[in-house]
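Beneath this line is the structure, given in structure tokens, with notes to follow.
Proteins get letters first, then strands, A, B, ... in listed order; numbering begins at 1 in each.
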Number of protein chains: 2
Amino acid sequence: MSSTTALRKAGLKATLPRIKILEFLEKTEERHLSAEDIYKAMLAENEEVGLATIYRVLTQFEAAGMVVRHHFEGDRSLFELGANNGANHHDHLVCERCGRIQEFFDEVIENTQIKVAERFGFKIVDHSLHIQGICADCQQETD
Amino acid sequence: MSSTTALRKAGLKATLPRIKILEFLEKTEERHLSAEDIYKAMLAENEEVGLATIYRVLTQFEAAGMVVRHHFEGDRSLFELGANNGANHHDHLVCERCGRIQEFFDEVIENTQIKVAERFGFKIVDHSLHIQGICADCQQETD
DNA sequence: GTCCCTGCAAACGTTTTGCAGCAGT
DNA sequence: ACTGCTGCAAAACGTTTGCAGGGAC
């Protein structure tokens with residue numbers, strides 16, 4: 001599906017900045033990016049889009065379910081493409097020291113978190129789970 | 001144990017602002033508070049402590065393991081007293097709409113998250129887990 | 001008396017917003 | 001042509017920091 005079609009399906013006009021941002025997210029390796037990461041990476045490819053526009057577009061993409069916003073660290077949001085597609089649902093393991101992010105999927109946790117949520121009346125329509133720990137690399141550092 | 005003693009044990013001078021903040025955290029009902037929540041609540045009790053000082057003190061309390069800092073929402077940190085005490089470890093269920101926080105403890109999740117972390121080389125010294133969902137109250141709202 | 005702490009105000013980084021001009025349909 | 005989008009610059013937000021005066025030991 002072309003970016004243009006994807007945008008129309010989401011009820012968004014297919015404008016140049018939106019197309020560029022969506023295509024950038026689709027082709028980039030790093031799945032978890034901040035608005036500024038996207039801004040700088042696009043600049044480096046001579047794709048100029050204003051930072052304010054990136055924020056606005058990401059918010060629209062989020063509302064359309066095309067993108068998920070994460071708050072792993074307190075100081076900035078990271079955006080991830082297409083994580084609400086049931087088929088590739090996954091959770092995140094986040095290193096508290098270096099910010100490294102490991103995606104994972106675990107059936108037991110998946111089922112149990114739903115049970116826990118129900119136990120407390122949280123009917124889960126949308127859910128996300130993240131575990132914060134210290135990654136192997138950071139463990140090795142003497143401190 | 002008096003607040004003064006607790007502070008000394010943590011290697012912190014027992015100053016008036018630190019004592020006031022610690023005692024406030026001990027006696028307040030709401031366990032998850034932002035710096036500003038604390039600031040305003042203390043003002044309301046005629047306990048004037050500068051907001052910058054509250055941030056500094058909370059950071060010191062965190063370093064001393066007296067307090068845990070959470071990043072449930074992207075826009076502010078919430079602080080919780082004494083959650084690193086092994087005996088009362090718990091995780092959090094957070095409503096994405098209203099911000100309501102439900103504490104819980106589940107043996108299965110507890111064990112499985114450790115297994116998942118190990119599978120990816122995240123040796124967990126410190127860990128915290130939160131599940132974001134939609135709480136019962138917010139589910140009822142027609143939107 | 002020494003050193004660390006506090007309060008204030010200013011700085012900071014991220015995100016949002018007002019507005020005038022421009023692009024998509 | 002009409003509407004909604006974009007870019008810029010300024011504002012807003014939570015949080016941190018520099019500094020001069022004050023408090024704990």
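The distance between atom CZ of A:F72 and atom C1' of C:dT14, rounded to the nearest whole Å, is 18 Å. The interatomic distance linking B:R69 (CZ) with D:dG14 (P) rounds to 15 Å, in whole Å. One atom, CD of B:Q60, and another, P of C:dT6, lie 6 Å apart when rounded to the nearest Å. Rounded to whole Å, the distance from CD1 on A:I21 to P on D:dC5 is 13 Å. D:dG7 atom P lies 9 Å from atom CE of A:M42, rounded to whole Å. With rounding to whole Å, B:L58 atom CG is found 15 Å from C:dC5 atom P. Rounded to an integer number of Å, the gap from A:D75 CG to D:dT15 C1' is 10 Å. Atom CD in B:E73 sits about 16 Å away from atom C1' in D:dT15, given to the nearest Å.
Between B:Y55 and the phosphate of D:dT15, there is a side-chain N or O to OP1/OP2 separation shorter than 4.0 Å. B:R18 has a side-chain polar atom (N or O) that falls below the 4.0 Å cut-off from OP1 or OP2 of C:dC5. For the OP1/OP2 pair of C:dA23 and a distance below 4.0 Å, the side-chain nitrogens and oxygens of A:T15 include no atom meeting the criterion.
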Side chain to side chain donor-acceptor pair (under 3.5 Å) assessment of B:R97 paired with B:Q139:
CA-CA 9 Å; B:R97 298 240 175 106; B:Q139 285 267 326; over 6 Å; no

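Of the inter-residue distances, the one linking A:E73 atom CD with A:Q132 atom CD reads 9.5 Å to the nearest 0.5 angstrom.
Comparing B:A52 and B:L12 against DNA chain D, the residue whose closest nucleotide sits nearer the 5' end is B:A52. A residue-by-residue look at B:A14 and B:L51 shows that B:L51 has its nearest nucleotide of DNA chain D further toward the 5' end. Map B:R56 and B:K13 each onto its nearest nucleotide of DNA chain C; the residue landing nearer the 5' end is B:K13.
Counting any heavy atom pair closer than 4.0 Å across all strands shown, B:R8 reaches sugar-phosphate atoms only and no base atom. Using a 4.0 Å heavy-atom criterion, one finds that A:S77 contacts the sugar-phosphate atoms exclusively.
Aromatic pair B:H130/B:H70: centroids not less than 6.0 angstrom apart. Here the two rings, on B:H92 and B:F72, have centers that are under 6.0 Å apart.
Contact check for B:T59 versus B:V67: no side-chain heavy atoms found under the 4.5 Å cut-off.
Across C:dT6, C:dT15, C:dT14, the shortest atom-to-atom separation from the side chain of B:P17 is found for C:dT6.
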